[in-house]
Amino acid sequence: MKRFAALSLALAALSSGAVQAASSVATLSDYGFRLVDLNPYDGIAPSITFTSAEAHSYAGVAPIAGEGLTQTDYASSAWYGDVSAQSSARGAKASSSVIDGKFTSRGAVEGEGQFYANTQWGANFTLSAHTKLIFTGTASASYAGFGADYPNDYGSAYLSVTLLDNQATGPYNQVVHYSGGAYSYVPVPVDTMNERVRLEFFNNGDTDLYGRFNVDVGAAGTIAPVPEPATYAMLVAGLLLTTAVARRRKQG
C-alpha cells in the first residue's frame, strides 16, 4: 500500500510538470575596420572602397517539432539599409536583423516546436596596394533551457566572419575566417560565448586587391515532444506488473 501511494505521488508530480521554455541568440556588434600602411614611402594612401553590399534575413518557425518550418519570413536589402524578418507560430518565434550595424539572430520556443533564424551580410571591396586591413568586432552567442527537461531538445547560436580575395568562387590566394558559437550537443541547460574578434587581411601587392567580406549569424532550436501523463501512467503500470510477476516467480 505504501509503495502504491509513493508511485501515485510520483505520477502526480510528473503530470504537473512545468511547460518548458528555451531560447537562443547570436549577435555581432561594435565592429569596424582599420587600415595600416605597409609601405609609407610608396606614395599610396591606405584606403578601402566598398563597391556593393547586400543583407539577407530569414526567420522560420514550426509549432510541432520535426514537421519542417511552417511559418517563414524573408527580407533583403541592397547596400547598407537595415533589414529584418520575424516569424511566429503558437509557442515558437524567430527574428533576424541588421539594424544600425548590429547583426542579430534570435528565437524562442515554449512547450514544443522549433525555430530557425539567420542573418547574412556580404560586401565586395577594393583594398589599396601595400595595405593591411584589420577587422575587429564583438561576437556573442547563448542558449538557455534546451536539454534541461528532455535530452532530445537542441539549441544553437553561431557566428562566422570571413575575408577573402578575388570575390569569385576561387581559388583564393587569401582567406581569413572566424567562427564561434554555443551548441547544445549534450543536455546542458545554459551555455554562453562572448569574445572579441580580430582578423587581419593583407594586400602586399603593387596594385589594388579585390576582396569580399561575409558575415553569417544564426540561431536555431527545437523542443521535442515530451511524453504525455498518460504515457507515464502506462510506464508506471508496466513497472507494477513487472514487479508483481517477478515477486510471484521468486515466491514460487
Identify the two heavy atoms, one from [X] and one from [Y], that lie closest to each other, and give their separation to 0.1 Å.
{"X": "Ala55", "Y": "Val98", "value": "CB-CG2, 4.3 Å"}
{"X": "Phe50", "Y": "Ala123", "value": "CD2-CB, 3.7 Å"}
{"X": "Trp121", "Y": "Ala53", "value": "CZ2-CB, 4.0 Å"}
{"X": "Ala139", "Y": "Val197", "value": "CB-CG2, 3.8 Å"}
{"X": "Pro63", "Y": "Ala89", "value": "CD-CB, 4.1 Å"}

Next item on the list: Check whether the side chains of His56 and Ser76 place a donor and an acceptor atom closer than 3.5 Å, and report yes or no.
Entry: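 No.
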Margin query: Under the rule for side-chain contact (heavy atoms from CB on, under 4.5 Å), what residues qualify as partners of Ala94, not counting sequence neighbours?
Written below: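 If we apply the side-chain contact (heavy atoms from CB on, under 4.5 Å) test to Ala94, skipping adjacent residues, the hits are Ala59, Val61, Phe115, Ala117.
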Out of curiosity, does [Y] fall in the hydrophobic cluster containing [X] (side-chain heavy atoms, cut-off under 4.5 Å, transitive links)?
{"X": "Leu28", "Y": "Val83", "value": "yes"}
{"X": "Tyr58", "Y": "Tyr158", "value": "yes"}
{"X": "Phe201", "Y": "Ile44", "value": "no"}

For [Y], does its backbone N or O pair with a side-chain atom of [X] as donor and acceptor, under 3.5 Å?
{"X": "Asn203", "Y": "Thr207", "result": "yes"}
{"X": "Thr119", "Y": "Thr104", "result": "yes"}
{"X": "Asn124", "Y": "Thr51", "result": "no"}

Check: Does a side-chain heavy-atom distance below 4.5 Å link Phe103 with Val161?
Finding: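 No, too far: nothing below the 4.5 Å cut-off.
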Margin query: I'd like to check Leu69 versus Gln114 (side-chain heavy atoms, cut-off strictly below 4.5 Å). Are they in contact?
Written below: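 In contact.
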Rounded to the nearest 0.5 Å, how far apart are [atom1] of [X] and [atom2] of [Y]?
{"X": "Tyr183", "Y": "Tyr154", "atom1": "OH", "atom2": "OH", "answer": "7.0 Å"}
{"X": "Thr136", "Y": "Asp30", "atom1": "OG1", "atom2": "CG", "answer": "9.0 Å"}
{"X": "Thr49", "Y": "Asp208", "atom1": "OG1", "atom2": "CG", "answer": "8.0 Å"}
{"X": "Ser23", "Y": "Tyr143", "atom1": "OG", "atom2": "OH", "answer": "11.5 Å"}
{"X": "Gln20", "Y": "Asp153", "atom1": "CD", "atom2": "CG", "answer": "4.0 Å"}
{"X": "Asn194", "Y": "Ser142", "atom1": "CG", "atom2": "OG", "answer": "9.5 Å"}

Check: For the residue pair Phe33 and Phe125, is the inter-centroid distance of their aromatic rings smaller than 6.0 Å?
Finding: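 When the ring centroids of Phe33 and Phe125 are compared, they turn out to be at least 6.0 Å apart.
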Notebook entry, point to check: Quick one: side-chain hydrogen bond (donor to acceptor under 3.5 Å, both in side chains) pairs with a partner in residues 83-102, sequence neighbours left out?
Noted result: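 Those involving residues 83-102 are Ser84-Gln86.
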Notebook entry, point to check: Should side-chain heavy atoms under 4.5 Å link Ile, Leu, Val, Met, Phe, Trp and Tyr, which residues sit in the same cluster as Phe202?
Noted result: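 Taking Ile, Leu, Val, Met, Phe, Trp and Tyr as members, Phe202 shares its hydrophobic cluster with Leu38.
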Do any side-chain atoms of residues 128-135 form donor-acceptor pairs under 3.5 angstrom with protein atoms, and if so which ones, sequence neighbours left out?
| from | atom 1 | to | atom 2 | distance (Å) |
| --- | --- | --- | --- | --- |
| Ser128 | OG | Ser47 | N | 2.8 |
| Ser128 | OG | Ser47 | O | 3.3 |
| Ser128 | OG | Thr131 | OG1 | 2.7 |
| His130 | ND1 | Asp42 | OD2 | 2.7 |
| His130 | NE2 | Gly205 | O | 3.2 |
| His130 | NE2 | Asp206 | OD1 | 2.7 |
| Thr131 | OG1 | Ser128 | O | 3.2 |
| Thr131 | OG1 | Ala129 | O | 2.9 |

Please report, to 0.1 Å, the donor-acceptor pairs under 3.5 Å made by any side chain of residues 213-224, with sequence neighbours excluded.
| from | atom 1 | to | atom 2 | distance (Å) |
| --- | --- | --- | --- | --- |
| Asn214 | OD1 | Arg212 | NE | 2.9 |
| Asp216 | OD1 | Asn118 | ND2 | 2.7 |

Check: Partners of Thr138 by side chain to side chain donor-acceptor pair (under 3.5 Å), sequence neighbours excluded?
Finding: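 Thr138 satisfies side chain to side chain donor-acceptor pair (under 3.5 Å) with Arg196 only.
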